[in-house]
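Take a look at the structure set out below.
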Amino acid sequence: MEFNLDKFFDDYLEKPQIFRNRNCLSANFIPDELPHRTDQIRIIAQIMACTLKNSIPSNLFIYGKTGTGKTAVVKHVSQKLNEKCIEIGIPNPNWLYINCNQVTSGYRVLATICNYLDPENPLPPTGTPRDIMIERLITLLESKNCLCFIILDEIDSLKDKESKDSVLYILTRINENLINSKVNIIGISNILNFKDDLDPRVLSSLCEEEMVFPAYNAIELYDILRSRAALAFQPNMCEEGSLRLCAAIAAKENGDARRALSLLRKCAEIVERMGKTMLSRTDVLTAQYELEKDTTEEFIKNLPVQQKIILLSIYLNQKHKKTPESNSGEIYTTYKELSKKVYSLNALTAKRVADLVKELDLSGVISSRLVSFGRKGGRTRMVSLKVRDSQLKSSLGDDDRCKAVLEYVPSHIRRTDINVDLEGHRYKALL
DNA sequence: TATCCACAGGAAATCAGGGTGT
DNA sequence: ACACCCTGATTTCCTGTGGATA
């Protein structure tokens, strides 16, 4: 039977509604209430409050793992502060939010600030000498005649040490060149020991105030989910225990509220698709499975070609050696063969491949451990796959070139097979 | 106990590719 | 056309290392 789009939409409208406001479960939604963050809100408010009396607050540095509410709290306080400024009739400060995960170099951070202050004349994406840009930045800030808060989120993602040091040094010292305007830095880092590799000169001025956001526990996550569910869903849509299960799963995985919320959203989407009216514990488990599957498959599919070849090498080694682990040397040998013979690409160096293997490890597709076999085998990294064979095959199979070599036997493994065979043969002959 | 394997992993250099200004 | 600037990926060079073995 043919698919009837009209009927599909009619049915869709007939179906019981789950969502009242789907948006409330998205990662960048900032709710009015932030459960279990009252202390953090109070402390930040205390630091910022002097803005209301025209003084400049201290620079602030915030640490905490992903999904602990750092960004939400800062944005929440800044909104309220702006409202208050308008209420009492003083010029409200400029808030400039930069996510260093997207703006990854020191140059780009400075350029983004300039472009924010003067969107009419954007700076070129590259090419401007640093001193000219700093001069421009100072002139622009001075002409604005205001207090400017610069929030550097995920500051640990700035590319290299030089970027971190230079951009932070410039920004923390820029006030010395300003008369009418002032700049205030709020740094947000996912890594707790981010400070460790900063230049001491930057450190003293940047970290005037510091605070740490602890991870949420299961009970706190439950409260967060409950308050968001109340906003996002129609009343009485969640079976008792389903939210608790969501919270428990997310608590186990680092207490990440973002993760808990996306789990809940996925769950609701599944229930909606099935035309049900209740979120059950089973749906949560299905959602968790699908979420995990979706993200790894999507991740593998979007891998650059060199990383795909490396992953493929690990898979082929594991498959044909019939051992779950292979070492760096074996992986590199297979990799070289695949990239030359099969892909006709220039092979990367062993160092680069080792770095890419570590990246794959960080992303969770493979797991690896350092081992030493002493004088016989030296020190090496043992690598094994963390995704199921079938999943890997279906994700890599999307790429035609990968698909073609899924059954390929690397020649160094083939050779040892022959050797074993010959040995066995000779042994038989001797008998 | 010194040696040595097979790398690990950091730092600096290099290169290609994008840009500007003259 | 040319000098110069910035980025990001990669290479080159180097020192470091855990532990079985001579």
Side-chain angles (χ1 to χ4, degrees), chain A residues 98-115 118 120-137 139-140 152 154-171 191 193-194 196-199 302-311 313-314 317 321 323 325-340 343-363 366-384 410 412-413 416:
Chain A
I98 298 175
N99 189 331
C100 303
N101 207 358
Q102 286 144 20
V103 186
T104 51
S105 73
Y107 175 92
R108 289 257 161 78
V109 169
L110 295 179
T112 308
I113 301 172
C114 284
N115 292 347
D118 185 10
E120 304 286 305
N121 307 301
L123 281 170
T126 65
T128 313
R130 187 156 295 199
D131 53 336
I132 290 176
M133 188 151 61
I134 295 170
E135 232 168 75
R136 172 111 192 267
L137 186 59
T139 323
L140 284 171
L152 297 171
E154 304 195 41
I155 196 166
D156 44 281
S157 339
L158 277 183
K159 257 279 164 180
D160 46 289
K161 182 170 159 45
E162 205 272 324
S163 275
K164 290 173 190 167
D165 281 341
S166 70
V167 73
L168 289 173
Y169 187 77
I170 291 164
L171 287 177
I191 296 170
N193 54 3
F194 171 73
D196 290 359
D197 54 47
L198 276 186
D199 193 301
N302 291 326
L303 239 33
V305 81
Q306 295 286 7
Q307 299 226 48
K308 278 187 185 166
I309 304 176
I310 293 171
L311 202 55
S313 309
I314 298 168
N317 276 6
K321 278 191 347 159
T323 51
E325 286 184 312
S326 37
N327 64 38
S328 316
E330 292 166 340
I331 294 171
Y332 187 61
T333 314
T334 311
Y335 160 81
K336 263 201 301 196
E337 189 180 339
L338 284 183
S339 54
K340 280 230 175 75
Y343 285 79
S344 7
L345 283 171
N346 287 332
L348 298 172
T349 55
K351 163 74 179 162
R352 183 67 190 137
V353 170
D355 285 344
L356 292 176
V357 166
K358 256 195 293 177
E359 271 179 34
L360 287 173
D361 189 2
L362 275 175
S363 66
I366 59 171
S367 71
S368 73
R369 60 195 177 96
L370 272 178
V371 280
S372 179
F373 295 104
R375 201 166 172 165
K376 227 177 179 177
R379 199 158 164 263
T380 186
R381 187 179 286 278
M382 299 302 283
V383 179
S384 60
H412 66 105
I413 296 175
T416 47

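Values reported hereafter were calculated over all heavy atoms of this structure, with side chains retained and with hydrogens, waters and symmetry mates removed. Naming: A, B, ... by sequence-line order, numbering from 1 per chain.
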Has the side chain of R375(A) got a donor or acceptor that lies under 3.5 Å from a partner of the other kind on the base of dT3(B)?
->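 Answer is yes: a donor-acceptor pair is held.
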Please state how far atom [atom1] in [X] lies from atom [atom2] in [N], giving the value in whole angstrom units.
{"X": "R369(A)", "N": "dG19(C)", "atom1": "CZ", "atom2": "C1'", "answer": "14 Å"}
{"X": "R381(A)", "N": "dC5(B)", "atom1": "CZ", "atom2": "P", "answer": "22 Å"}
{"X": "Y335(A)", "N": "dT10(C)", "atom1": "OH", "atom2": "P", "answer": "8 Å"}
{"X": "M382(A)", "N": "dC7(B)", "atom1": "CE", "atom2": "P", "answer": "10 Å"}
{"X": "D355(A)", "N": "dG8(C)", "atom1": "CG", "atom2": "P", "answer": "17 Å"}
{"X": "R352(A)", "N": "dC7(B)", "atom1": "CZ", "atom2": "C1'", "answer": "18 Å"}
{"X": "N346(A)", "N": "dT14(B)", "atom1": "CG", "atom2": "P", "answer": "20 Å"}
{"X": "Q307(A)", "N": "dT10(C)", "atom1": "CD", "atom2": "P", "answer": "9 Å"}

Can you tell which of [options] lies closest to the side chain of [X]?
{"X": "L370(A)", "options": "dG9(B), dC7(B), dA9(C)", "result": "dG9(B)"}
{"X": "R108(A)", "options": "dG9(B), dC7(B), dT7(C)", "result": "dT7(C)"}
{"X": "K351(A)", "options": "dA9(C), dG8(C), dG9(B)", "result": "dG9(B)"}

Using a cut-off of less than 4.0 Å, is there contact between a side-chain N or O of N327(A) and OP1 or OP2 of dA6(B)?
-> no
Would a 4.5 Å heavy-atom cut-off, applied to side chains only, mark K358(A) and R381(A) as touching?
-> yes
Heavy-atom pair with the smallest gap, counting every atom of E325(A) and S384(A) =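 E325(A) and S384(A) have their closest heavy atoms at CG-CB, 4.0 Å.
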Between CG of L338(A) and CD of Q306(A), what distance do you get to the nearest 0.5 Å?
-> 11.0 Å
In Å, rounded to the nearest 0.5 Å, how long is the span from CG of D355(A) to OG1 of T349(A)?
-> 8.5 Å
Residue met sooner reading DNA chain B from 5', once S372(A) and S328(A) are mapped to nucleotides =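 Result: S372(A).
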Walking DNA chain C from its 5' end, the first of R379(A) and G374(A) to be reached, judged by nearest nucleotide, is R379(A)
With S368(A), which of D361(A), N327(A), T380(A) fulfils side-chain hydrogen bond (donor to acceptor under 3.5 Å, both in side chains)?
->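 Of the listed residues D361(A), N327(A), T380(A), the side-chain hydrogen bond (donor to acceptor under 3.5 Å, both in side chains) partner of S368(A) is D361(A).
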